[in-house]
Amino acid sequence: MKTLHLALLSTIILMMTACQKSVPKMEVSSPDGSLTFRLEIGEDGGNSYIVSRSGVSLLEPSSIGLAAEGFDLGDGLTFTAASKVEQLVENYTLTSGKRLEHAAAFNARAFKFSSPQGVELVLEVRAFNDGIAFRYILTGASAVPVQISSENTTFNLPESGKAWMHPYDEVTQYAPGYETYYEKDLQVGDPAPEGMNGWAFPVLFNVNDHWMLISEAGHDGSYPAMHLDVDPATGSYSMRLPEQDEAFEKYPATTARQLPQVLPWRVIIAGDSLATIVESDLVTHVSEPNRLGDTSWVKPGRSSWSWWSDNASPRDFNKLKRFVDFSADMGWEYSLVDANWNEMVGGDLEALAKYAATKNVGLLVWYNSGGEHNVVTEQPRDRMWDREIRREEMRKLQEWGIKGLKVDFFQSDK
């Protein structure tokens, strides 16, 4: 799959090199023609994009570009070429979800810019009937690794719109925990509550009688997840890197990497009803295919969960047996054994797994992610942090017949 992606990237660049230097019509529309992404090239930098549906503006001129240490990938970019529009269909199968069989039809186009320092930025855009996705690809010649310091992408919404969003936590000893509630009856441009660090993805809007959900997709661990700042005066939302003090100020938000770099997708799902948002699989469409090969051993299913109603229950073998029995009575596949199961009295996890097997119920078990980025004392902790300890722990769980893990407390988007 990696070879396929490199071949696709090479094809895009070759197509763009073949294009004439004159500025073409800078847009790409969905297969049904309803959604359009239009790129606008600023005469003195400041490139932007517009998203519309059936002629109705959903995103007004919004910025694109990046800032990197020692490189100008924003206002200093020069547009050089655009590929032809490609009409593509990607077929894939899932083992669970809203639907299993997919035929994702989209039109794709890439726009190429050059920076004064020799780094090239490719803006890859895909237009689906239910949304737009775009991402940045950094290519070109650079003798040193490139470290992105900020992202200039914005989402500039009509000010008359309404919003449903949840705040990105203030950083504390146990936060961000991603447990804040969504807030309703917001207006486009409303700031996050005092003490919070902007708004977290995904965000939902109603603008010009259209529904729109904005999020991100396609993370591979090489670039952080992000959240949003907002300018209350304009209704423009800007991308914001993880906070410096997350994870006790350990680790950078981004790291210096050699080219090429492929960043995550920015996803805009849009339609005239909420059904479009709920039914969309656009995030899956632009995410990486399965890399594991055979996944027949992965069995999605339903689970009972004792901790939800009784936080102390994972320490009690007999209480957990009752939830195993409950799963069996309901015909559910699993029972989740949550925090502090290593302090269980009346029996242990191995014995519980043997009992559950007699009921045709699999066990899922909780772990603290551990390491220096959190101080949560719930156990087991520090068994997932070190590779050798983790492998030994998983070997033991496999012998006991444990079916899956719930790893908790990451507390940072870094």
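All values derive from a computational prediction rather than experimental measurement.
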Pair [X]-[Y], side-chain donor/acceptor within less than 3.5 Å:
X: Asp130; Y: Ser280; result: yes
X: Glu343; Y: Gln379; result: yes
X: Ser222; Y: Asp220; result: yes
X: Glu90; Y: His102; result: no
X: Glu101; Y: Thr93; result: yes
X: Tyr168; Y: Asp413; result: yes
X: Thr36; Y: Ser52; result: no
X: Ser335; Y: Ser304; result: yes

Test salt bridge (charged side-chain N to carboxylate O under 4.0 Å, His left out) applied to Lys84 and Glu86, step by step
CA-CA 6 Å; Lys84 295 180 180 179; Glu86 287 190 280; over 6 Å; no
Does any N or O in the side chain of [X] come within less than 3.5 Å of the main-chain N or O of [Y], such that one atom is a donor and the other an acceptor?
X: Thr154; Y: Ser62; answer: no
X: Trp332; Y: Asp329; answer: no
X: Arg53; Y: Leu58; answer: no
X: Asp338; Y: Trp366; answer: no
X: Thr180; Y: Pro167; answer: yes
X: Ser63; Y: Thr153; answer: no
X: Asn208; Y: His210; answer: no
X: Gln411; Y: Ala247; answer: no
X: Ser115; Y: Leu77; answer: no
X: Gln147; Y: Thr254; answer: yes

Going by the rule side-chain hydrogen bond (donor to acceptor under 3.5 Å, both in side chains), which residues pair with Asp281 if we only count those two or more places apart in sequence or in a different chain?
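Scan of Asp281 (side-chain hydrogen bond (donor to acceptor under 3.5 Å, both in side chains), adjacent residues dropped) gives Arg99.
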I need the [X] [atom1] to [Y] [atom2] distance, nearest 0.5 Å.
X: Trp265; Y: Ile132; atom1: CH2; atom2: CD1; value: 11.0 Å
X: Glu40; Y: Ile64; atom1: CD; atom2: CD1; value: 10.5 Å
X: Asn107; Y: Asp32; atom1: CG; atom2: CG; value: 9.5 Å
X: Arg109; Y: Ser29; atom1: CZ; atom2: OG; value: 10.0 Å
X: Leu73; Y: Leu121; atom1: CG; atom2: CG; value: 6.0 Å
X: Leu363; Y: Lys354; atom1: CG; atom2: NZ; value: 13.0 Å

Compare every heavy atom of [Y] with every heavy atom of [X], then report the nearest pair and how far apart it is.
X: Ala217; Y: Val283; answer: CB-CG1, 3.8 Å
X: Ser412; Y: Tyr178; answer: C-OH, 3.0 Å
X: Gly42; Y: Asn47; answer: N-OD1, 3.2 Å

In a check of side chain to side chain donor-acceptor pair (under 3.5 Å) between Asn368 and each of Asn374, Thr377, Asp382, which one passes?
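Testing Asn368 for a side chain to side chain donor-acceptor pair (under 3.5 Å) against Asn374, Thr377, Asp382 leaves exactly one candidate, Asn374.
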With ring-ring contact (aromatic ring centres under 6.0 Å, His included) as the criterion, how do Tyr237 and Phe155 come out once you've worked through the C-alpha distance, each side chain's angles and the decisive distance to 0.1 Å?
CA-CA 5 Å; Tyr237 294 81; Phe155 306 93; 8.2 Å; no
Take atom [atom1] of [X] as the centre, draw a 6.0 Å sphere, and report whether it contains more than 12 heavy atoms from other residues, nucleotides or ligands.
X: Lys414; atom1: NZ; answer: yes
X: Asn360; atom1: CG; answer: no
X: Arg322; atom1: CZ; answer: no

Under the criterion side-chain hydrogen bond (donor to acceptor under 3.5 Å, both in side chains), I'd like the reasoning laid out for Tyr251 against Glu372: C-alpha separation, chi angles, the key distance, then a yes or no.
CA-CA 10 Å; Tyr251 321 110; Glu372 57 187 359; 2.9 Å; yes
Using the ring-ring contact (aromatic ring centres under 6.0 Å, His included) rule, take His285 and Phe106 through it: C-alpha gap first, then chi angles, then the decisive distance, then the call.
CA-CA 10 Å; His285 293 344; Phe106 60 94; 8.4 Å; no
Run the salt bridge (charged side-chain N to carboxylate O under 4.0 Å, His left out) test on Arg266 and Glu151 for me, step by step, so that the C-alpha distance in whole Å, both residues' side-chain angles and the decisive distance to 0.1 Å come before the verdict.
CA-CA 12 Å; Arg266 306 316 175 201; Glu151 184 169 333; 3.0 Å; yes
Salt bridge (charged side-chain N to carboxylate O under 4.0 Å, His left out) involving [X] - partner list, sequence neighbours excluded:
X: Lys396; value: Glu393
X: Arg395; value: Glu392, Glu399
X: Lys162; value: none
X: Glu378; value: none

Scan for ring pair (Phe, Tyr, Trp, His ring centres under 6.0 Å) pairs involving residues 386-414, sequence neighbours excluded, and state none if there are none.
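Sorted result for residues 386-414: empty, none.
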So [X] and [Y], would you call those rings parallel, tilted or perpendicular, with 30° and 60° as cut-offs?
X: His166; Y: Tyr182; value: tilted
X: Trp385; Y: His373; value: tilted
X: Trp307; Y: Trp305; value: parallel
X: Phe134; Y: Phe37; value: tilted

So, are Lys112 and Glu120 salt-bridged, with charged N and O less than 4.0 Å apart?
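Judged by the 4.0 Å cut-off on N to carboxylate O distance, Lys112 and Glu120 do form a salt bridge.
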Please determine whether a side-chain nitrogen of the Lys or Arg among Glu124 and Arg126 lies less than 4.0 Å from a carboxylate oxygen of the Asp or Glu.
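Arg126 and Glu124: salt-bridged.
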Should the pair Lys321 and Tyr355 be classed as cation-pi, given the thresholds of under 6.0 Å to the six-membered ring centre and 45° from the axis?
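Satisfied, under 6.0 Å and within 45°.
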For residues Gln244 and Val171, determine if any side-chain heavy atom of one lies less than 4.5 Å from a side-chain heavy atom of the other.
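Not touching, per the 4.5 Å side-chain cut-off.
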Could you go through the ring-ring contact (aromatic ring centres under 6.0 Å, His included) check for Tyr367 and Trp341 one step at a time?
CA-CA 9 Å; Tyr367 279 86; Trp341 55 264; 5.7 Å; yes
Leu405 vs Leu364, test: side-chain contact (heavy atoms from CB on, under 4.5 Å). Steps then yes/no.
CA-CA 5 Å; Leu405 308 181; Leu364 312 173; over 6 Å; no
